[in-house]
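Here is the naming used below: chain letters follow the sequence lines, and residue numbers restart at 1 for every chain. Atom set for the values below is all heavy atoms of this structure, side chains included, hydrogens, waters and symmetry mates excluded.
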2 protein chains.
Amino acid sequence: MSSALRSADQVHAELSRQIIAGQLRPGDPLAETALAQRFSLSRTPVREALHRLASEGLVERGPRRAFLVRRMSHATLRDLFETLGELEALCAAMAAHRMTATDLARLQTILDEGDGPHADYAAANARFHAALRAGAQNEVLAEVLDELDRRSLPWRSAQFDARAARIDSSRDEHRAILEAVAARDGDRAAAVMRGHMATSLAVILDMLSDRGA
Amino acid sequence: MSSALRSADQVHAELSRQIIAGQLRPGDPLAETALAQRFSLSRTPVREALHRLASEGLVERGPRRAFLVRRMSHATLRDLFETLGELEALCAAMAAHRMTATDLARLQTILDEGDGPHADYAAANARFHAALRAGAQNEVLAEVLDELDRRSLPWRSAQFDARAARIDSSRDEHRAILEAVAARDGDRAAAVMRGHMATSLAVILDMLSDRGA
DNA sequence: GCCGCATCAATTGTATACATGTCGTTATCA
DNA sequence: TGATAACGACATGTATACAATTGATGCGGC
């Protein structure tokens with residue numbers, strides 16, 4: 001039962017990964033029995049994983065109380081990104097007041113790493129936001145942001161793949177945020193972050209309409 | 001298996017209630033077998049309820065992966081209330097921009113009901129914040145606030161019982177929030193709400209130190 | 001007297017069998 | 001021919017038995 005080897009955790013991690021990566025798409029069914037067979041396990045750990053995913057908002061329950069990958073209306077998606085944007089903005093403002101010089105240097109390093117032409121920009125993007133969360137020095141806020149992050153990832157992950165130009169604009173926005181944080185200007189950091197998240201939402205909604213979703 | 005009759009939900013609701021009411025106190029053990037006996041059920045639904053409570057932050061895991069009612073350091077408690085305060089402030093600001101005249105009237109009614117000498121002020125307080133959440137018109141933000149609310153309730157519930165004077169000041173703060181919202185002044189509503197939550201935290205920390213916690 | 005190891009007990013993790021409810025299908029009746 | 005009710009299959013919900021891990025305790029050696 002060592003923590004890393006629990007079957008339920010493995011199933012949870014794997015399903016989470018597949019949903020976020022888009023291998024499992026919104027509306028896809030997730031039957032306990034079928035998944036148990038696929039993972040060569042009993043229904044018990046699969047069941048636990050599904051319930052956790054449901055409480056995290058990645059999975060919803062359909063007719064017959066069946067599990068399925070969560071679908072989201074544009075309205076709810078808008079709510080999600082609005083909340084995420086406001087919380088990231090709050091986080092940026094708090095970080096502007098609380099980050100140490102060392103933290104700031106780390107943030108700069110993360111930005112520079114994302115500059116490489118072959119760098120994994122999605123990963124660098126995640127690290128940037130994570131560093132900001134750490135800098136805000138509020139565990140609970142960090143937890144809430146992590147949760148909303150996971151919840152929005154299925155829709156954010158494809159952003160950079162499909163819109164290469166988005167990388168450049170996103171990078172510029174990150175630099176502007178760093179500048180504001182370094183200047184200890186919480187209000188400006190929050191404002192820029194709000195714009196950053198709003199732009200991301202616009203790009204995503206644009207992609208969805210292209211795909212006819 | 002109609003949703004209201006699921007054993008796991010009943011156990012979850014009952015444990016949640018007891019933790020919030022203080023009948024189960026931070027650090028108390030919650031063994032699956034013992035609870036199963038107490039509820040005359042098998043471990044399975046009890047287990048599901050405990051996992052849900054853990055994911056909601058009301059329950060944590062101790063040595064031997066045992067479940068126990070969550071304990072909180074003062075630092076984490078501060079983080080929780082800071083986050084809750086900022087989110088309530090955000091909510092108030094959004095409500096100031098989005099609430100309809102009808103919504104405002106309902107908010108006023110709720111405040112008036114809380115005025116009665118024998119009224120249950122804790123309940124009126126909860127209704128006030130709930131109405132504000134509805135007025136902000138953002139489902140996701142409402143969900144997040146609900147969760148943080150439940151998580152902080154064990155520490156907030158005793159506030160009005162132990163400090164009768166707190167009721168009057170809390171009522172005044174609510175009136176100030178309503179005024180700001182009615183005036184469509186989001187910034188002022190947010191500022192007043194921040195102060196409101198900060199005062200609550202101060203009262204709670206004061207109570208905890210009195211109890212020698 | 002103290003440190004280390006082995007054994008033990010208690011708790012959660014997992015597997016499997018059975019119960020129960022819901023939805024789709026079909027057959028029958030008006 | 002349409003609607004309705006019964007039937008059946010399939011999903012999750014629950015109960016119980018067994019396995020595995022962990023923290024504690026006692027014993028023995030140093």
Side-chain angles (χ1 to χ4, degrees), chain A residues 1-19 23-72 151, chain B residues 1-19 23-73:
Chain A
M1 280 193 275
S2 69
S3 43
L5 291 157
R6 291 191 346 138
S7 308
D9 288 342
Q10 288 178 283
V11 174
H12 175 270
E14 178 61 16
L15 288 179
S16 191
R17 195 188 62 73
Q18 293 193 6
I19 292 173
Q23 293 170 26
L24 288 169
R25 305 209 310 194
D28 282 359
L30 295 170
E32 292 177 5
T33 309
L35 289 172
Q37 277 191 319
R38 198 175 120 204
F39 288 104
S40 301
L41 288 168
S42 78
R43 277 177 50 210
T44 310
V46 172
R47 182 182 177 72
E48 184 187 321
L50 286 174
H51 276 94
R52 277 176 57 191
L53 288 167
S55 83
E56 290 168 7
L58 284 180
V59 159
E60 66 179 340
R61 316 217 49 169
R64 256 183 149 111
R65 294 185 70 79
F67 289 98
L68 47 91
V69 180
R70 178 158 181 177
R71 294 167 300 194
M72 265 205 184
R151 215 156 137 178
Chain B
M1 280 193 272
S2 66
S3 44
L5 292 157
R6 290 193 344 140
S7 308
D9 288 341
Q10 288 178 282
V11 174
H12 175 270
E14 178 61 16
L15 289 179
S16 191
R17 193 188 63 73
Q18 294 192 6
I19 293 173
Q23 294 171 27
L24 289 169
R25 304 211 311 194
D28 281 0
L30 296 170
E32 292 178 5
T33 309
L35 290 173
Q37 277 190 320
R38 197 175 121 204
F39 288 103
S40 301
L41 289 168
S42 78
R43 275 178 52 211
T44 311
V46 172
R47 182 182 176 72
E48 184 186 321
L50 286 173
H51 275 94
R52 277 176 57 191
L53 288 166
S55 84
E56 290 168 9
L58 284 180
V59 158
E60 65 178 340
R61 315 214 53 168
R64 253 187 159 117
R65 294 184 68 81
F67 289 97
L68 47 92
V69 180
R70 177 159 181 176
R71 294 167 299 195
M72 265 207 186
S73 68

Original post:
Quick one: does B:V59's side chain get under 4.5 Å of B:L15's, heavy atoms only?
Top reply: no

Original post:
Considering only D:dT12, D:dT16, C:dT14, which nucleotide approaches the side chain of A:S42 most closely?
Top reply: C:dT14

**OP:** Could you tell me whether the side chain of A:H12 reaches within less than 4.5 Å of the side chain of A:E48, counting heavy atoms only?
**Re:** no

Subject >> Distance, rounded to the nearest Å, where B:E32 contributes CD and C:dT14 contributes C1' >> reply: 12 Å

Subject >> Rounded distance (Å) that lies between atom P of D:dT14 and atom CG of B:D9 >> reply: 8 Å

Original post:
Looking at B:R47, does any N or O in its side chain come under 4.0 Å of the phosphate oxygens OP1/OP2 on D:dA15?
Top reply: no

**OP:** Send over the distance from A:R43 CZ to D:dT16 C1', rounded to a whole Å.
**Re:** 14 Å

Original post:
Heavy atoms, side chains only, cut-off 4.5 Å: are A:R25 and A:V69 in contact?
Top reply: no

Original post:
Ignoring hydrogens and angles, does a donor from either the side chain of A:R64 or the base of C:dG24 sit under 3.5 Å from an acceptor on the other?
Top reply: no

**OP:** Calculate the interatomic distance between B:H51 atom NE2 and C:dT14 atom P; express it in whole Å.
**Re:** 9 Å

Original post:
According to a strict under-4.0 Å criterion, is A:T44 in side-chain N/O contact with OP1 or OP2 of C:dT14?
Top reply: no

**OP:** Classify the nucleic acid contact of A:L30 as base, sugar-phosphate or nothing, counting any heavy atom under 4.0 Å across all strands shown.
**Re:** sugar-phosphate

Subject >> Side-chain touch B:R52/B:D9, heavy atoms, less than 4.5 angstrom >> reply: yes

Original post:
Once you round it to whole Å, what is the distance between C1' of C:dT11 and CZ of B:F67?
Top reply: 11 Å

Subject >> Spacing between A:L68 atom CG and D:dT12 atom C1', to the nearest angstrom >> reply: 13 Å

Subject >> Of B:L50 and A:S40, the one whose closest DNA chain C nucleotide lies more 5' >> reply: B:L50

**OP:** Would you kindly give the CG-to-C1' distance between A:L41 and C:dG13, to the nearest whole Å?
**Re:** 12 Å

Original post:
At under 4.0 Å, does any side-chain N or O of A:R65 touch on OP1 or OP2 of D:dA11?
Top reply: no

Original post:
For A:R6 and D:dT21, what is the distance between atoms CZ and P respectively, to the nearest whole Å?
Top reply: 13 Å

**OP:** State, with a plain yes or no, whether a side-chain heavy atom of B:L30 is found less than 4.5 Å away from one of B:L50.
**Re:** yes

Original post:
So does B:S7 get a side-chain nitrogen or oxygen closer than 4.0 Å to the phosphate oxygens (OP1/OP2) of D:dT14?
Top reply: yes

**OP:** Can you figure out which of C:dC23, C:dT14, D:dT12 approaches the side chain of A:A31 most closely?
**Re:** D:dT12

